[in-house]
Structure formats: structure tokens, C-alpha cells
**Student:** 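Pasting a structure below so you can have a look.
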Amino acid sequence: MEKKITLPITDEDIKNLKAGDSVLLTGSIITGRDAAHKRLYELIQKGEKLPVDIKGELIYYVGPAPAKPGYAVGPAGPTSSYRMDKYAPSLLDLGLKGMIGKGARNKEVVDAIVRNKGVYLVAIGGAAALIAKSIKSEEILCYEDLGTEAVRRYEVEDFPCIVAIDSNGNNVYETEPPKYRKS
């Protein structure tokens with residue numbers, strides 16, 4: 001059974017999510033990939049103000065393709081999350097509530113998720129066109145010079161994802177593979 005969450009996500013929403021839960025998100029999320037994360041991280045390291053307020057936000061690791069007529073964005077599949085692992089703990093410590101991507105995260109990210117009572121969601125790789133149907137509008141917030149990697153705000157409706165790491169550190173990338181290994 002899918003859990004429906006209206007964004008912005010709350011601490012109570014996050015507390016009630018368990019690793020493995022299927023989730024449909026409706027509301028507002030922000031986006032960003034490697035280049036944007038690097039710039040945000042550099043500002044944090046200098047103690048400077050970020051050009052976008054990340055407090056309470058979910059960030060989707062995506063670089064969408066150009067939109068076809070009638071769509072807000074083109075295919076918008078998740079980017080491999082490990083590429084943001086260096087930056088994610090600092091963003092979580094500043095109030096980011098969670099991330100949406102694909103693939104496992106390192107120990108530092110998992111520790112930061114637990115420390116900040118956040119969540120890591122995964123979107124299905126290879127389903128970029130399907131995911132794009134749940135994105136109703138987009139707005140560039142900053143770093144427009146980065147093209148597809150600019151930080152954007154998406155309004156989403158029934159955006160499909162799965163809880164990969166919950167606020168207690170339960171992690172499907174650790175718990176699930178052993179269930180399918182042959183003895």
C-alpha cells in the first residue's frame with residue numbers, strides 16, 4: 001500500500017516512514033545535481049548564505065531532458081546519489097529534510113540522516129518518462145548557467161518513490177539483498 005504525503009514533508013511524516021515503504025509525493029520539491037551541490041557546499045564551507053532556502057525541503061537528484069509539448073519537463077529520472085555523498089551531510093545539517101535519487105549512500109550520509117531525522121527516498125531508474133508525468137510545473141531557483149543541473153522547484157503530483165533509508169537508519173540496501181542470495 002502506498003503512503004500519500006502532501007509536501008512540505010513534516011517531521012511526523014518522516015517519523016512514520018519505514019524503509020521499504022512506497023510513497024506518492026504531492027507538493028513542492030527542489031532539484032539539484034553534482035555541479036549545484038558543489039557550489040552550495042563551497043558556500044557552506046565559506047559560511048556564506050545559500051541562494052536557495054533548503055530548510056524543510058526534499059531535493060531530487062535530477063537533470064531533466066527538454067520538455068515535449070504539454071509537459072513541464074522532459075524525461076526526469078533520478079541521478080546516482082553517491083555523487084552527492086560528499087555534500088549531503090552538510091545540507092542535512094542545515095535543515096534539508098531528505099533526498100530523492102537512486103542507489104546506496106555512504107555511512108556519513110546515513111549518519112547525517114539519522115542525526116537530523118531525515119529520509120532518503122529512491123525513484124525508479126529507467127522510469128524517467130513516467131516520472132515526468134508527475135511533474136506539473138518547474139521554476140529555476142538558481143544556477144541557471146548550469147543548464148539541466150540548475151536548482152529548480154518542481155510542483156509534483158503523486159510522484160512515486162520508495163523509502164530507502166528511514167530516519168532510524170534502516171536501509172533497504174543492507175536489509176534486502178541477503179533475502180535474495182542463494183545459500
**Student:** Can you confirm whether L25 sits close enough to L121 that some side-chain heavy atom of one is under 4.5 Å from a side-chain heavy atom of the other?
**Tutor:** yes
**Student:** Of all heavy-atom pairs between C142 and P51, which one has the smallest distance, and what is that distance?
**Tutor:**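 Taking C142 first and P51 second, the nearest heavy atoms are SG-CG, 3.8 Å.
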**Student:** Are the charged groups of D158 and K4 less than 4.0 angstrom apart, N to O?
**Tutor:**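 Salt bridge between D158 and K4, a charged N being under 4.0 Å from a carboxylate O: yes.
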**Student:** Taking all non-hydrogen atoms of both residues into account, name the closest pair between N106 and V109 and its distance.
**Tutor:**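 That would be OD1-N, 2.9 Å.
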**Student:** Do T10 and I14 have side chains that get closer than 4.5 Å, going by heavy atoms?
**Tutor:** no
**Student:** With sequence neighbours excluded, what pairs up with K86 under the salt bridge (Lys or Arg N to Asp or Glu O under 4.0 Å) test?
**Tutor:**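 Salt bridge (Lys or Arg N to Asp or Glu O under 4.0 Å) list for K86, sorted by chain: empty.
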**Student:** Hey, any chance L50 and L146 share a hydrophobic cluster, counting ILVMFWY side chains that come within less than 4.5 Å of each other, even indirectly?
**Tutor:** yes
**Student:** Do I9 and V62 share a hydrophobic cluster, counting only Ile, Leu, Val, Met, Phe, Trp and Tyr and linking them when any side-chain heavy atoms are less than 4.5 Å apart?
**Tutor:**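 Per the 4.5 Å side-chain linkage, I9 and V62 are co-clustered.
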**Student:** Write out all pairs satisfying side chain to side chain donor-acceptor pair (under 3.5 Å) with one or both partners inside residues 72-82, taking only residues at least two apart or from two chains.
**Tutor:** S81-Y120
**Student:** Please list, one pair per line, the donor and acceptor atoms closer than 3.5 Å that link side chains of residues 91-102 to other protein atoms, with sequence neighbours excluded.
**Tutor:**
{"unit_1": "D93", "atom_1": "OD1", "unit_2": "R115", "atom_2": "NE", "d": "3.1"}
{"unit_1": "D93", "atom_1": "OD1", "unit_2": "R115", "atom_2": "NH2", "d": "3.0"}
{"unit_1": "D93", "atom_1": "OD1", "unit_2": "N116", "atom_2": "ND2", "d": "2.8"}
{"unit_1": "D93", "atom_1": "OD2", "unit_2": "R115", "atom_2": "NH2", "d": "3.3"}
{"unit_1": "K97", "atom_1": "NZ", "unit_2": "D11", "atom_2": "OD1", "d": "2.3"}

**Student:** Below 3.5 Å, can you tabulate the donor-acceptor pairs from side chains in residues 126-141 to any protein atom, sequence neighbours excluded?
**Tutor:**
{"unit_1": "S134", "atom_1": "OG", "unit_2": "I131", "atom_2": "O", "d": "2.7"}
{"unit_1": "K136", "atom_1": "NZ", "unit_2": "K133", "atom_2": "O", "d": "2.9"}
{"unit_1": "E138", "atom_1": "OE1", "unit_2": "R152", "atom_2": "NH1", "d": "3.1"}

**Student:** With a 4.5 Å cut-off on side-chain heavy-atom distances among I, L, V, M, F, W and Y, is there a chain of contacts connecting I59 to V52?
**Tutor:**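 Linked within one cluster.
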**Student:** Output all residues satisfying side-chain hydrogen bond (donor to acceptor under 3.5 Å, both in side chains) with K3, sequence neighbours left out; order by chain, then residue number.
**Tutor:**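 K3 satisfies side-chain hydrogen bond (donor to acceptor under 3.5 Å, both in side chains) with D21 only.
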**Student:** Looking at side-chain heavy atoms only, is the closest gap between S167 and V119 below 4.5 Å?
**Tutor:** no
**Student:** Quick one: list whatever passes side-chain hydrogen bond (donor to acceptor under 3.5 Å, both in side chains) with D111, sequence neighbours left out.
**Tutor:**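 With sequence neighbours excluded, D111 shows a side-chain hydrogen bond (donor to acceptor under 3.5 Å, both in side chains) to K107, given in chain and number order.
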**Student:** Counting only heavy atoms not in Y71 (residues, nucleotides, ligands), do more than 12 fall under 6.0 Å from its OH?
**Tutor:** no
**Student:** For residues 39-48, please give each side-chain donor-acceptor pair under 3.5 Å, one per line with the distance, not counting sequence neighbours.
**Tutor:**
{"unit_1": "R39", "atom_1": "NH1", "unit_2": "D145", "atom_2": "OD1", "d": "3.0"}
{"unit_1": "R39", "atom_1": "NH1", "unit_2": "D145", "atom_2": "OD2", "d": "3.2"}
{"unit_1": "R39", "atom_1": "NH2", "unit_2": "D145", "atom_2": "OD2", "d": "2.7"}

**Student:** Can you sort out the partners of E57 under salt bridge (Lys or Arg N to Asp or Glu O under 4.0 Å), two or more places apart, ordered by chain and number?
**Tutor:** R153
**Student:** Could you tell me if the side chain of V122 sits less than 4.5 Å from the side chain of P78, heavy atoms only?
**Tutor:**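 They are not in contact (no side-chain heavy atoms under 4.5 Å apart), so the answer is no.
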**Student:** Mind listing the closest non-hydrogen atom pair of D13 and T6 along with its distance?
**Tutor:** OD2-O, 4.2 Å
**Student:** Hydrophobic clusters here meaning ILVMFWY residues chained together by side-chain heavy-atom distances under 4.5 Å, can you tell me if V151 and L7 are in one?
**Tutor:**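 V151 and L7: separate clusters.
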**Student:** Has the side chain of D166 got a donor or acceptor atom that lies under 3.5 Å from a matching backbone atom of A19?
**Tutor:**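 At least one qualifying donor-acceptor pair exists.
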**Student:** Return the set of residues passing ring-ring contact (aromatic ring centres under 6.0 Å, His included) with Y143 (not counting sequence neighbours), or none when no residue passes.
**Tutor:** none
**Student:** Considering only residues two or more places apart or on different chains, which pairs with a residue in residues 116-129 satisfy salt bridge (charged side-chain N to carboxylate O under 4.0 Å, His left out)?
**Tutor:** none
**Student:** Within this structure, what is the CG-CD1 distance for the pair L58 and I29, rounded to the nearest 0.5 Å?
**Tutor:**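 It comes to 7.0 Å.
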**Student:** Taking all heavy atoms of K18 and all of N168, pick out the closest pair and write down the distance.
**Tutor:**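 Smallest interatomic distance, heavy atoms only, reads NZ-ND2, 4.2 Å.
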**Student:** Could you check if a side-chain atom of N170 sits within less than 4.5 angstrom of a side-chain atom of T175, using non-hydrogen atoms only?
**Tutor:** no
**Student:** Kindly write out the residues that satisfy ring-ring contact (aromatic ring centres under 6.0 Å, His included) with F159, not counting sequence neighbours, or none if the list is empty.
**Tutor:**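 Here the qualifying residues are Y60.
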**Student:** With a 4.5 Å heavy-atom cut-off, do Y61 and H37 have their side chains touching?
**Tutor:** yes
**Student:** Going by the rule side-chain hydrogen bond (donor to acceptor under 3.5 Å, both in side chains), which residues pair with K179 if we only count those two or more places apart in sequence or in a different chain?
**Tutor:** E176
**Student:** Run the side-chain contact (heavy atoms from CB on, under 4.5 Å) check on D85 and E108 step by step: do they pass?
**Tutor:** CA-CA 8 Å; D85 280 0; E108 291 76 19; over 6 Å; no
**Student:** Between N16 and E12, is there a donor-acceptor pair closer than 3.5 Å when you use the side chain of the first and the backbone of the second?
**Tutor:**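 Side chain of N16 to backbone of E12, a donor-acceptor pair under 3.5 Å: yes, one is there.
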**Student:** Just wondering, do V156 and T26 contact through their side chains at under 4.5 Å, heavy atoms?
**Tutor:** no
**Student:** Below 4.5 Å, heavy atoms only, C-beta onward: do I5 and L17 meet side chain to side chain?
**Tutor:**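 SC-SC contact between I5 and L17 confirmed.
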